[in-house]
Amino acid sequence: MSGFALAATLTAPAQAHDQGSGDGKPPHWELKDSGTDVRFRGLSAVSRNTAWLAGSKGTVLRTTDGGKNWRNVSPPGAAELEFRDIEAFDNRRAVVLAIGEGEASRIFRTEDGGATWTESFRNTDAKAFYDCVTFFDSRHGLAMSDPVDGRFRILSTRDGGRSWKVLPSAGMPAAQPGEAGFAASGQCLVSSGSRDVWLATGGAARARVLHSSDRGLTWTVTDTPIPAGDPARGVFAVAFRDRTHGIAVGGDYRADQASPQAAATSRDGGRTWTTAGTPPPAYRSGVTWLPHSRTSALAVGPTGTDLTTDGGRTWRTVDTGSYDTVDCTPDRACWASGEKGRVARLER
């Protein structure tokens, strides 16, 4: 089923499914028992069968049977760490990021499905706080820290996460007072293709998206229409289906605060952003394009999942379960995870 067909099925009347699907149900999130109650803000979906989760209490889980069973493959001695992002290359190789001030920010790497881990980076700068990590391919990747000395800090690897180095800050625009990334879904730093990467911000006067086309050496920055002006507001996640078409989601993460204009789109690689005509009804922390689709995407947050079938211009709520992050795979599988050990796969 193509991404467009999946989106069409999600929005079609229920009776339409009764004619074509085995059980008559429309595509829906099916919860999988993770066996734990930790919050999983880190998710890396490899395929319909394989996915990795990263969460609080230093927890990393992996499934290779579509979520029927989850193996705890957490790095030893990591129980005090907060894992917020994970990037997996297959069912054996993955890189996981722990967030926090100073030495709480760390990166671990495994090549054997989590049986063993190597700590490949530990932050020693008390002013740095790493939020997200992304990979262009199995060798080249970046991680980002909140501003240090007035500029976002970028960490680079060329060997699949075995070693890391801080990139020069000369090509990074100055940060606004109070500006930071949100370590809410592992999607404040995302890449598309071999060289393009985007960094989403909030917490300051304006919510912005930074873009680099040279793997993080030089950056441009653009304001988005997503409301900011408060430490709890801004762009929480971005997704690009290619180097030009992007979606940004966010809002105000406080449950008692409204989140108008919680989504925006770009058709020029992030140089300009346009508010969604019908945005999600509340704060959203994660977003992903549906596989093999040019127009359909999912956004998730604590109050539900929203679907767009027109490239992010209009959104419709299709589920009210709580999720923090979402990820889809080339073999047309979508996964989501969040609080209280929640993990689900889109079933159809």
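Residue numbers count from 1 along this sequence.
Under a 3.5 Å cut-off, the side chain of Thr314 and the backbone N or O of Gly277 do not form any donor-acceptor pair. Checking side-chain atoms of Ser56 against main-chain N and O of Arg39 turns up a donor-acceptor pair under 3.5 Å. In this structure, the side chain of Ser120 engages the main chain of Gly161 through a donor-acceptor pair within 3.5 Å.
Arg71 has its side chain within reach of Arg62: a pair of non-hydrogen atoms, C-beta onward, lies under 4.5 Å apart. A 4.5 Å side-chain heavy-atom check between Trp117 and Thr110 finds at least one atom pair inside the cut-off. With a 4.5 Å cut-off on side-chain heavy atoms, Thr278 and Trp315 do not count as touching. Residues Arg348 and Arg332 form a side-chain contact, since some pair of their non-hydrogen atoms from C-beta on lies under 4.5 Å apart. Looking only at side-chain heavy atoms (C-beta outward), Val60 and Ile86 come within less than 4.5 Å of each other. Proximity of Trp29 to Cys334: side-chain heavy atoms (C-beta onward) are separated by under 4.5 Å at one or more points. With a 4.5 Å cut-off on side-chain heavy atoms, Leu199 and Thr201 count as touching. Inter-residue side-chain proximity for Val197 and Trp219 is flagged as met; some heavy-atom pair is nearer than 4.5 Å.
One distance of note links CG of Asp37 with CZ of Arg342; it measures 13.5 Å at 0.5 Å rounding. The CG atom of Asp306 sits 9.0 Å away from the CG atom of Leu298 when rounded to the nearest 0.5 Å.
Electrostatic pairing of Asp137 and Arg139 does not count as a salt bridge here, judged by no charged N lying under 4.0 Å from a carboxylate O. Between Glu87 and Arg109 no salt bridge is recorded (no basic side-chain N to carboxylate O distance below 4.0 Å). Under a 4.0 Å N-O distance rule, the pair Arg41/Asp324 qualifies as a salt bridge. With respect to the salt-bridge test (charged N to carboxylate O, under 4.0 angstrom), the residues Glu347 and Lys32 qualify.
Between the side chains of Ser322 and Glu339, at least one donor N or O sits under 3.5 Å from an acceptor N or O. Using modelled atom types, one finds a donor on one side chain and an acceptor on the other under 3.5 Å when comparing Thr308 with Asp310. Side chain to side chain, Thr134 and Ser191 meet the donor-acceptor criterion of an N or O pair below 3.5 Å. For the residue pair Thr303 and Arg284, a side-chain donor N or O sits within less than 3.5 Å of a side-chain acceptor on the partner. Remark: the Asn49 side chain and the Ser47 side chain contain no N/O donor-acceptor pair separated by less than 3.5 Å.
The shortest non-hydrogen separation linking Ala248 to Val235 is CB-CG1, 3.9 Å. Nearest heavy atoms, Ala282 versus Ala262: O-CB, 3.8 Å. Residues Ser285 and Ala237 approach most closely at O-CB, 3.2 Å, considering heavy atoms. The two residues Gly312 and Ala276 have their closest heavy-atom pair at O-CB, 3.4 Å. Smallest separation of non-hydrogen atoms from Ile247 and Ala297: CD1-CB, 3.7 Å. When all heavy atoms of Ala263 and Val249 are compared, the pair lying nearest together is CB-CG1, 4.2 Å.
Atom CZ of Arg158 has 12 or fewer heavy atoms from other residues, nucleotides or ligands within 6.0 Å. Residue Glu101 places its CD atom among 12 or fewer non-hydrogen atoms of other residues, nucleotides or ligands, all under 6.0 Å distant. Summarising the local packing, CZ of Arg294 is surrounded by 12 or fewer heavy atoms from other residues, nucleotides or ligands at distances under 6.0 Å.
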Before giving the answer on side chain to side chain contact (heavy atoms under 4.5 Å, CB included), spell out for Arg233 and Arg254 the whole-Å C-alpha distance, their side-chain angles and the decisive distance to 0.1 Å. CA-CA 9 Å; Arg233 295 182 196 144; Arg254 295 171 294 190; 4.1 Å; yes

Run the numbers on Thr317 and Asp319 for side chain to side chain contact (heavy atoms under 4.5 Å, CB included), then give the verdict. CA-CA 6 Å; Thr317 302; Asp319 184 89; 6.0 Å; no

Between Val209 and Val221, is the side chain to side chain contact (heavy atoms under 4.5 Å, CB included) condition met? List the steps. CA-CA 6 Å; Val209 172; Val221 63; over 6 Å; no

What do the steps show when you test Phe136 against Arg215 for side chain to side chain contact (heavy atoms under 4.5 Å, CB included), and what is the final call? CA-CA 8 Å; Phe136 303 96; Arg215 291 184 181 161; 3.7 Å; yes

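Residues Phe135 and Leu189 do not share a hydrophobic cluster, clusters being chains of Ile/Leu/Val/Met/Phe/Trp/Tyr side chains in contact below 4.5 Å. Under a hydrophobic clustering in which Ile, Leu, Val, Met, Phe, Trp and Tyr are joined whenever their side-chain heavy atoms come within less than 4.5 Å, directly or via other members, Leu217 and Leu210 fall into the same cluster. Hydrophobic clustering of Ile, Leu, Val, Met, Phe, Trp and Tyr side chains at less than 4.5 Å, counting indirect connections, keeps Leu81 apart from Val133. Side-chain heavy atoms closer than 4.5 Å link hydrophobic residues (I, L, V, M, F, W, Y) into clusters, and following such links, even through other members, never connects Phe89 to Trp52.
Note on residues 187-206: pairs passing ring pair (Phe, Tyr, Trp, His ring centres under 6.0 Å), not counting sequence neighbours, are Trp198-His211, Trp198-Phe240. Each ring pair (Phe, Tyr, Trp, His ring centres under 6.0 Å) pair with one or both residues in residues 160-197, not counting sequence neighbours, appears once here: Phe182-Phe236. Evaluation of the side-chain hydrogen bond (donor to acceptor under 3.5 Å, both in side chains) test over residues 258-274, restricted to residues two or more places apart or in two chains, returns Ser266-Asp268, Asp268-Thr272. Sorted by first and then second residue, the salt bridge (Lys or Arg N to Asp or Glu O under 4.0 Å) pairs with a member in residues 188-212 read Glu179-Arg208, Asp196-Arg243, Arg206-Asp223; sequence neighbours excluded.
Contacts of Glu119 classified as side chain to side chain contact (heavy atoms under 4.5 Å, CB included), with partners at least two apart in sequence or in another chain: Arg106, Phe108, Arg122. Judged as a side chain to side chain contact (heavy atoms under 4.5 Å, CB included), and not counting sequence neighbours, the contacts of Ala239 are Val287, Trp289. Partners of Ala104 under the side chain to side chain contact (heavy atoms under 4.5 Å, CB included) rule, at least two apart in sequence or in another chain, do not exist in this structure. The side chain to side chain contact (heavy atoms under 4.5 Å, CB included) search around Val300 returns Thr305, Tyr323, Val326, not counting sequence neighbours. Residues forming a salt bridge (charged side-chain N to carboxylate O under 4.0 Å, His left out) with Asp327 (at least two apart in sequence, or on another chain): none. With sequence neighbours left out, the salt bridge (charged side-chain N to carboxylate O under 4.0 Å, His left out) criterion links Asp90 to Arg93.
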Under 3.5 Å donor-acceptor pairs involving side-chain atoms of residues 146-156, not counting sequence neighbours:
residue, atom, partner, partner atom, Å
Asp146, OD1, Gly181, N, 2.9
Asp149, OD1, Lys127, NZ, 2.9
Asp149, OD2, Lys127, NZ, 3.4
Arg151, NH1, Met172, O, 2.3
Arg153, NH1, Asp125, OD2, 3.0
Arg153, NH2, Asp125, OD2, 3.4

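Other members of the cluster containing Val38 are Phe40, Leu43, Leu53, Leu61, Trp70, Trp335, Val343, with ILVMFWY side chains joined at under 4.5 Å, either directly or via other members.
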